[in-house]
Participant: 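Here you go, one structure.
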Amino acid sequence: MNCAREGCSGTIVDGYCDVCGLAPARSGTPPVPAVTPPAPPAASRTPSPAVSSSALTQPPPSSALTASTVGSLRRATTGRTRASARAHLGAGLVEIESVPSRDPADAVLGAAAVVPESRRFCSRCDEPVGRGRDGAPGRTSGFCRKCGTPFSFEPQLDAGVVVAGQYEVVGCIAHGGMGWVYLARDHNVSDRWVVLKGLLNSSDDDAMAAALAERRFLAEVEHPNIVKIFNFVQHESSGYIVMEYVGGRSLKQILTARRDANGGEPDPLPPAIAIAYVLEILPALGYLHGLGLLFCDFKIDNVIQTQHSLKLIDLGGVYRMDDPTAAVFGTVGYQAPEIASSGPSIASDLFTVARTLAVLCFDFRGYQSNFRFTLPEQESVSVLERYDSLYQLLMTGTAPDPDDRFQSAEEMADQLYGVLREVVSDEEGRTVPAASKLFTGPVRGDNERPDRRALPRPLVDRDDPAAGYLATIATTDPQQMIADLRAAPDRTVEVVLRLAAELIEVGDWDSVQEALTEVEMIDRWEWRVAWYRGVMDLARQRFGDCRARFTSVYRSLPGELAPKLALGMVCESGGGVISEGAGWYEIVSRTDPAFTVATFGLARCRLAAGERAGALAAYDRVPDSSSDYVEAQTARIRCLAESNGAGVATADDLLVAGSILESLPVRGEQRVRLQAEVLEAALALVERGGAFDDGRSSLLGYRFLERDLRFGVERSYRELARWAGSSSERIELVDHANQVRPRTWT
């Protein structure tokens with residue numbers, strides 16, 4: 001019977017999965033599917049966060065991997081399509097307060113339709129224009145003093161004007177980088193509300209060219225999270241895009257309302273809500289990228305929350321990837337640094353997304369000046385200090401080199417979803433198990449010490465030419481596995497990486513290095529090379545090296561749990577302080593309790609630091625559906641019965657331990673041995689005078705009295721003697737029973 005957990009390749013043995021350790025779903029209860037984030041449809045394979053498309057131009061080494069294997073490195077952006085219909089945002093994890101509907105006419109600015117002087121710039125040279133002097137207000141129209149380009153910030157359409165014999169203007173509702181936006185009624189389609197977006201300055205060639213470009217290709221755009229374009233019309237000397245009216249509030253308006261309610265002080269969004277907003281809109285960007293389009297001007301102004309969803313608006317800056325001569329529009333503080341030199345790209349679009357997320361979730365002062373392309377120090381921002389994964393995601397998203405950023409909207413969404421799971425588990429104590437698209441699921445290991453064999457393995461790319469062959473290898477013998485891999489019909493990346501993994505198991509370090517170097521020569525952004533080198537260094541106890549390897553993987557994949565688990569093992573093993581190891585284990589265990597190897601690691605670190613309460617809480621996280629449940633509860637019993645650092649266990653501790661043991665599904669020798677340990681701890685407590693006897697308290701059927709407890713311990717050891725494996729062991733147990741029994745007189 002195969003395991004029903006999504007992403008797990010294990011089989012059910014003795015009632016539990018031999019890989020993830022979970023029991024099958026109970027009878028009559030359907031298995032709960034793993035929750036995964038919304039993903040944009042990918043038009044083609046694109047690199048993983050640590051993989052660059054530039055590597056495709058590098059010639060492969062003469063004797064190593066075939067050319068077809070280069071594509072197999074790109075594995076982070078493909079996978080199953082995930083449902084987006086849900087009541088909440090962030091893949092259903094975050095409840096967002098809905099935006100109440102209102103009369104569209106209420107959005108009209110009326111006399112307030114004025115562009116602030118601080119936002120008046122020349123459309124050609126970016127020189128400030130229309131500024132006041134000596135107390136006099138600035139001009140709303142005129143000519144740039146630097147380059148002579150005419151400017152006008154006055155609305156071109158008055159209320160009541162009918163454009164193209166069809167659209168009756170009601171008034172201005174907003175002003176953006178491309179000009180005024182008007183609310184109108186479409187008399188040809190049931191007087192529906194529409195929006196007309198005009199040009200900032202109809203005499204500006206670039207602005208006019210952008211508008212004309214919209215008319216050519218925006219009719220192709222059809223996505224539920226993107227404002228719909230109905231038409232493109234001319235009125236007098238100006239052109240206007242006709243699009244659907246999207247009622248709601250922009251993310252900028254939401255932030256402004258929070259600031260106003262906070263007495264004028266910035267009040268950023270909680271990180272879970274900010275992430276949920278970005279996750280909701282990323283599929284729209286991925287959709288545009290699939291059409292060969294770049295949005296270019298993503299920012300808080302251009303995302304509107306409606307009653308039921310989010311909408312991407314203002315397509316005025318949309319850029320065709322196949323038209324490098326087109327004008328590029330953007331906003332200072334959001335735009336990537338390479339735009340001026342090399343133009344826009346998918347990586348630069350995702351740069352704007354990371355910047356938007358930063359603006360949403362903390363008071364990002366100076367993001368348009370001192371930190372135009374960078375982030376503030378992590379220690380200076382509390383939310384980034386609290387959630388290092390969020391900080392690493394923003395660092396990757398805004399990396400100076402476009403090749404070091406996320407290479408697709410889906411990659412970014414996958415990692416952002418992982419970060420959201422961590423945030424939700426921390427803020428709400430709610431776990432959200434989900435299958436990774438990059439790693440296998442939880443693996444059982446040695447729960448008494450760090451065990452590298454319990455680390456998840458990177459998944460095989462199903463598009464690799466040798467994926468089918470790898471799936472047919474059934475042997476568990478490493479030497480036979482190595483022979484089969486070396487005999488593979490195609491020496492692809494997946495074959496070489498699998499070979500490296502097996503070579504680690506037999507300790508052939510030189511061959512491991514050769515295999516990983518072979519992959520690295522094809523693509524230096526292949527994160528799995530660093531992962532397997534980290535595993536090898538951990539096996540060799542080179543903790544400094546393996547910590548650096550796993551850290552690089554973590555920074556590239558900040559939403560994945562596997563690198564965090566690996567870092568926890570490194571710290572516990574000697575590559576860092578115990579408290580740091582506990583921190584990594586805590587994130588993994590809290591986010592997905594199925595990773596019981598992290599839970600046991602957390603408990604070990606807590607005990608090493610003298611934090612028994614923390615260890616007990618960790619053991620209690622192991623779900624009763626896990627095959628490790630009995631071991632966890634056994635560890636709880638022994639933890640309660642042992643010294644807490646200030647003497648022997650208390651009576652209350654032992655009563656809890658006894659209660660756990662009475663309900664624990666263990667029998668025979670294991671149960672009797674645990675009973676003996678608990679009763680001996682109680683006897684030690686009584687002998688020190690630390691127990692109490694209220695006439696009602698009893699422990700495993702024995703009162704908290706020395707005589708009763710001695711009888712209990714004696715009987716336990718005599719029963720254990722029945723399971724002794726040798727006569728010497730049996731004699732030792734009987735002798736102990738005789739020593740502990742109470743004195744009697746005949």
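What you see is a predicted model, and the numbers here were worked out from it, not measured in a lab.
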Participant: Have a look at Lys228 and tell me which of Glu244, Glu222, His223 forms a side-chain hydrogen bond (donor to acceptor under 3.5 Å, both in side chains) with it.
Facilitator: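 For Lys228, the side-chain hydrogen bond (donor to acceptor under 3.5 Å, both in side chains) check succeeds only for Glu222.
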
Participant: Side chains of Gln253 and Asp301: any donor to acceptor distance under 3.5 Å?
Facilitator: no

Participant: Is any side-chain heavy atom of Arg372 closer than 4.5 Å to a side-chain heavy atom of Tyr367?
Facilitator: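 Arg372 vs Tyr367: side chains apart.
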
Participant: Start with the C-alpha distance between Tyr182 and Val195, add both sets of side-chain angles, then the distance that settles side chain to side chain contact (heavy atoms under 4.5 Å, CB included), and finish with yes or no.
Facilitator: CA-CA 6 Å; Tyr182 306 89; Val195 168; over 6 Å; no

Participant: Do we see a donor-acceptor contact under 3.5 Å between the side chains of Tyr240 and Asn231?
Facilitator: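 No pair is found: no donor N or O on one side chain lies under 3.5 Å from an acceptor on the other.
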
Participant: Testing the 3.5 Å rule here: is there a donor-acceptor pair between the side chains of Ser98 and Gln307?
Facilitator: no

Participant: Nearest 0.5 Å, what's the CG-CG distance between Leu393 and Leu384?
Facilitator: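 Here the interatomic distance stands at 11.0 Å.
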
Participant: Quick one: are Val328 and Ile339 in side-chain contact, heavy atoms under 4.5 Å?
Facilitator: yes

Participant: Give the minimum heavy-atom separation between Glu422 and Pro558, together with the two atoms involved.
Facilitator: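 For Glu422 and Pro558, the tightest heavy-atom pair comes out as OE2-O, 3.8 Å.
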
Participant: Going by distance alone, is a donor N or O of one side chain under 3.5 Å from an acceptor N or O of the other, for Asp388 and Tyr554?
Facilitator: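 A pair is found: one side chain offers a donor N or O, the other an acceptor, under 3.5 Å apart.
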
Participant: Taking the side chain as every heavy atom from C-beta outward, state whether Arg192 and Phe230 have any atom pair closer than 4.5 Å.
Facilitator: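 Side chain of Arg192 against side chain of Phe230, heavy atoms only: contact under 4.5 Å found.
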
Participant: Write down the atom of Ser250, the atom of Ile300, and the distance for their closest heavy-atom approach.
Facilitator: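 Looking at all heavy atoms of both residues, the closest pair is CB-O, 4.0 Å.
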
Participant: Can any side-chain N or O of Thr396 pair as donor or acceptor with the backbone N or O of Arg555 at less than 3.5 Å?
Facilitator: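 Flag set: sc Thr396 to bb Arg555 pair under 3.5 Å.
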
Participant: Does the side chain of Gln305 pick up a donor-acceptor pair with the side chain of Tyr277 at under 3.5 Å?
Facilitator: yes

Participant: Does CE belonging to Met395 count more than 12 external heavy atoms closer than 6.0 Å?
Facilitator: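 No - once you tally the heavy atoms of other residues, nucleotides and ligands closer than 6.0 Å, there are 12 at most.
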
Participant: Do you see a donor-acceptor pair shorter than 3.5 Å between the side chains of Lys299 and Thr331?
Facilitator: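 Result is yes, a qualifying pair exists.
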
Participant: Do Pro137 and Glu117 come within less than 4.5 Å of each other through their side chains, counting heavy atoms only?
Facilitator: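 Yes, side chains in contact.
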
Participant: Would you say the side-chain atoms of Arg131 pair up with the backbone N or O of Arg120, donor to acceptor, closer than 3.5 Å?
Facilitator: yes

Participant: Any non-hydrogen side-chain atom of Tyr391 less than 4.5 Å from a side-chain atom of Arg386?
Facilitator: no

Participant: If I compare all heavy atoms of Leu282 with all of Ala409, which pair ends up nearest, and what's the gap?
Facilitator: O-CB, 3.7 Å

Participant: For atom CZ of Arg139, is the number of surrounding heavy atoms from other residues, nucleotides or ligands below 6.0 Å larger than 12?
Facilitator: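 At most 12 heavy atoms, drawn from other residues, nucleotides or ligands, come within 6.0 Å of this atom.
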
Participant: Look only at the side chain of Glu338 and the backbone of Pro344, and say whether a donor-acceptor pair between them is shorter than 3.5 Å.
Facilitator: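 A pair under 3.5 Å: no.
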
Participant: Any donor and acceptor pair, going by atom type alone, linking the side chain of Trp180 with main-chain N or O of Leu196 inside 3.5 Å?
Facilitator: no

Participant: At what distance, to the nearest 0.5 angstrom, does CD of Gln415 lie from CG of Leu557?
Facilitator: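 Between Gln415 CD and Leu557 CG, I get 5.0 Å after rounding to 0.5 Å.
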
Participant: Any side-chain heavy atom of Phe295 sitting closer than 4.5 Å to one from Leu312?
Facilitator: yes

Participant: Decide yes or no for Pro324 and Tyr319: does some side-chain heavy atom of the first lie under 4.5 Å from some side-chain heavy atom of the second?
Facilitator: yes

Participant: Taking the basic N atoms (NZ, or NE/NH1/NH2) and the acidic carboxylate oxygens, is any pair closer than 4.0 Å for Glu410 and Lys437?
Facilitator: yes

Participant: Supply the atom-to-atom distance Asp349 CG to Arg405 CZ, rounded to the nearest 0.5 angstrom.
Facilitator: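 Asp349 CG to Arg405 CZ: 10.5 Å, rounded to 0.5 Å.
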
Participant: Report the distance from atom CG of Leu157 to atom CD of Glu236, rounding to the nearest 0.5 Å.
Facilitator: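 One finds 8.0 Å between CG of Leu157 and CD of Glu236.
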
Participant: Go through the steps for Thr140 and Glu154 under the test side chain to side chain donor-acceptor pair (under 3.5 Å), then give the verdict.
Facilitator: CA-CA 6 Å; Thr140 56; Glu154 299 172 354; 2.6 Å; yes

Participant: Could you state the interatomic distance from CG (Asp426) to OG (Ser389), rounded to the nearest 0.5 Å?
Facilitator: 11.0 Å

Participant: Just checking, is any N or O donor in the side chain of Tyr287 or Asn225 under 3.5 Å from an acceptor N or O on the other one?
Facilitator: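 Side chains of Tyr287 and Asn225: no pair found under 3.5 Å.
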
Participant: Is Asp191 close to Asp186 at the side-chain level, that is, under 4.5 Å between some pair of heavy atoms?
Facilitator: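 They are not in side-chain contact.
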
Participant: To the nearest 0.5 Å, what is the distance between CD (Glu265) and CG (Asp260)?
Facilitator: 11.5 Å

